[in-house]
Amino acid sequence: MQENNQPVVNLISKPENMLKTVYTACRTCYSADYPINIYNSTDDEEKMLKLIERVISSGHYSTIEHIQVSFAIANVSRACTHQLVRHRHMSFSQKSQRYVKEKGQFDYIIPPTIERNPELKEKFENFMGQIASQYQEFVEAGIPAEDARFVLPNAAASSMVVSMNLRELIHVANLRLCTRAQYEIRLLVKKMCEELVKEEAWLKPYLVPKCERLGFCDEDKSCGKRSRLTRDTGN
Ligand SMILES: Cc1cc2nc3c(=O)[nH]c(=O)nc-3n(C[C@H](O)[C@H](O)[C@H](O)COP(=O)(O)OP(=O)(O)OC[C@H]3O[C@@H](n4cnc5c(N)ncnc54)[C@H](O)[C@@H]3O)c2cc1C
C-alpha cells in the first residue's frame, strides 16, 4: 500500500483531560489542597496555561510526564525509523521484517533530492527493482525472511505504533524540528505534532524547534533563524 513519499501519521490515543491533568500536577506542588479538589476547582484555561508555562519554563518537567500519547505511523523509511528508535523514552512496536515477508516490489521511500531528478529517480527505482528480485530469489530458495531481509535497503518503508509521554514528545520535537535534523524525521515529527495540536492547541508553543524555546541557537552549524549562542569560556 504505497502512499506518496510522505509519512502517514495518525494520533490514536491521548487523554481526554490533558490540560487539567497537567495543571493539577503543577498546582499540587504548591497547594495544601487535595489534588482532586484542585482538579475539580477550575476550567479556566488561561489560568491553567499561565501556571503550566511558569512551571515548564522553570524546568519542572515531571508535571508533563503524566500524559501519554500514541501515534500510528506508516510509509516512513527504515532510515527514518532507525533515528526515531534512538529516543529512549518512547515505546515502539514496528512491522517486523522477520515475520512479514515482502511480496513482489517492496514499498520504499525516495528522498526528494533524488525524486526531483528524473534520471537519478529512474536509476533509484531500477535499483529497488533489482533488490526486490534478489530478495524474492532468496525467499523462493527457502532462505528465511529474517535472512533474506539483509539485502533490503534503508529506503524500505516501515510502519510502527509509537507511544511516549508529553515530556519526551516535547524533547523530540525540540530536537527533530530543528533544521539540522534529517528531512524525513523532521517531516514525521512535524506531522506528529500537528496531529496532536489539532486536538490540543495549547501545546503549539512547546512543540517547536529548540531555538524557539531557548531564544537562541545552540547548534554548531546554525541555519541562521536565531543567533548562535557564544559561550563564555572564561579565557
Ligand atoms: C541533528 C541530529 C544529528 C544526529 N547525529 C547522530 C550521529 O551522527 N550519530 C549518532 O549515533 N546519533 C546521532 N543523533 C542521535 C543523538 O545522538 C541521540 O541519540 C538522539 O537524538 C536521542 O536524543 P536524546 O538522548 O536527547 O533523547 P532521548 O533518548 O529521547 O532521551 C531524552 C532525555 O533523557 C535523558 N536520558 C535518556 N537516557 C539517558 C541516559 N542513559 N543517561 C542520562 N540521561 C539520559 C537525556 O536528558 C535525554 O536528552 C543525532 C541526532 C540529531 C537530532
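Order of appearance sets the numbers: ligands from 1, and atoms from 1 within every ligand. For the numbers below, each heavy atom of this structure counts, side chains included, while hydrogens, waters and symmetry mates do not.
- Checked for salt-bridge contact, K191 and E194 miss the test: no charged N lies under 4.0 Å from a carboxylate O.
- Listed by atom number, the atoms of ligand 1 under 4.0 Å from H171 heavy atoms are 24 (P), 26 (O), 27 (O), 30 (O), 32 (C), 49 (O).
- For atom 41 (N) of ligand 1, the nearest protein heavy atom lies under 4.0 Å away.
- Regarding atom 36 (N) of ligand 1, its nearest protein heavy-atom neighbour is H89 NE2, 4.0 Å.
- With E184 contributing its side chain and S77 its backbone, the two residues share a donor-acceptor pair below 3.5 Å.
- Between the side chain of N17 and the backbone N or O of K20, no donor-acceptor pair lies under 3.5 Å.
- Tested against E219, the residues K225, K210, R228 include a single salt bridge (Lys or Arg N to Asp or Glu O under 4.0 Å) partner, K210.
- At least one protein heavy atom sits closer than 4.0 Å to atom 53 (C) of ligand 1.
- Listed by atom number, the atoms of ligand 1 under 4.0 Å from L175 heavy atoms are 21 (O), 23 (O), 26 (O).
- Note that atom 3 (C) of ligand 1 has no protein non-hydrogen atoms nearby, at separations under 4.0 angstrom.
- Ionic pairing of E140 and K101 is not present here: no N-O contact between side-chain nitrogen and carboxylate oxygen is shorter than 4.0 angstrom.
- Below 3.5 Å of separation, one finds no N or O of R180 facing any N or O of ligand 1.
- Distance check for atom 22 (C) of ligand 1: a protein heavy atom is found below 4.0 Å.
- Counting protein heavy atoms under 4.0 angstrom from atom 26 (O) of ligand 1 gives one or more.
- Scanning the protein heavy atoms around atom 39 (C) of ligand 1, the nearest turns out to be R88 NH1, 3.6 Å.
- We find that E168 and R176 are not joined by a salt bridge, their nearest charged nitrogen and carboxylate oxygen being 4.0 Å or further apart.
- The closest protein non-hydrogen atom to atom 50 (C) of ligand 1 is R176 NH1, 4.4 Å.
- In terms of protein heavy-atom proximity, atom 10 (C) of ligand 1 is nearest to R86 NH1, 3.3 Å.
- In this structure, atom 8 (O) of ligand 1 has no protein heavy-atom contact shorter than 4.0 Å.
- For N10 (side chain) and I73 (main-chain N/O), no donor-acceptor pair under 3.5 Å exists by modelled atom type.
- Looking at heavy atoms from C-beta onward, E212 lies in side-chain contact with P209 at the 4.5 angstrom threshold.
- Considering each of K210, Q182, E168, the one bringing a non-hydrogen atom nearest atom 30 (O) of ligand 1 is E168.
- Contact detail for E125 and Y108: the closest heavy-atom pair is CG-OH, 3.2 Å.
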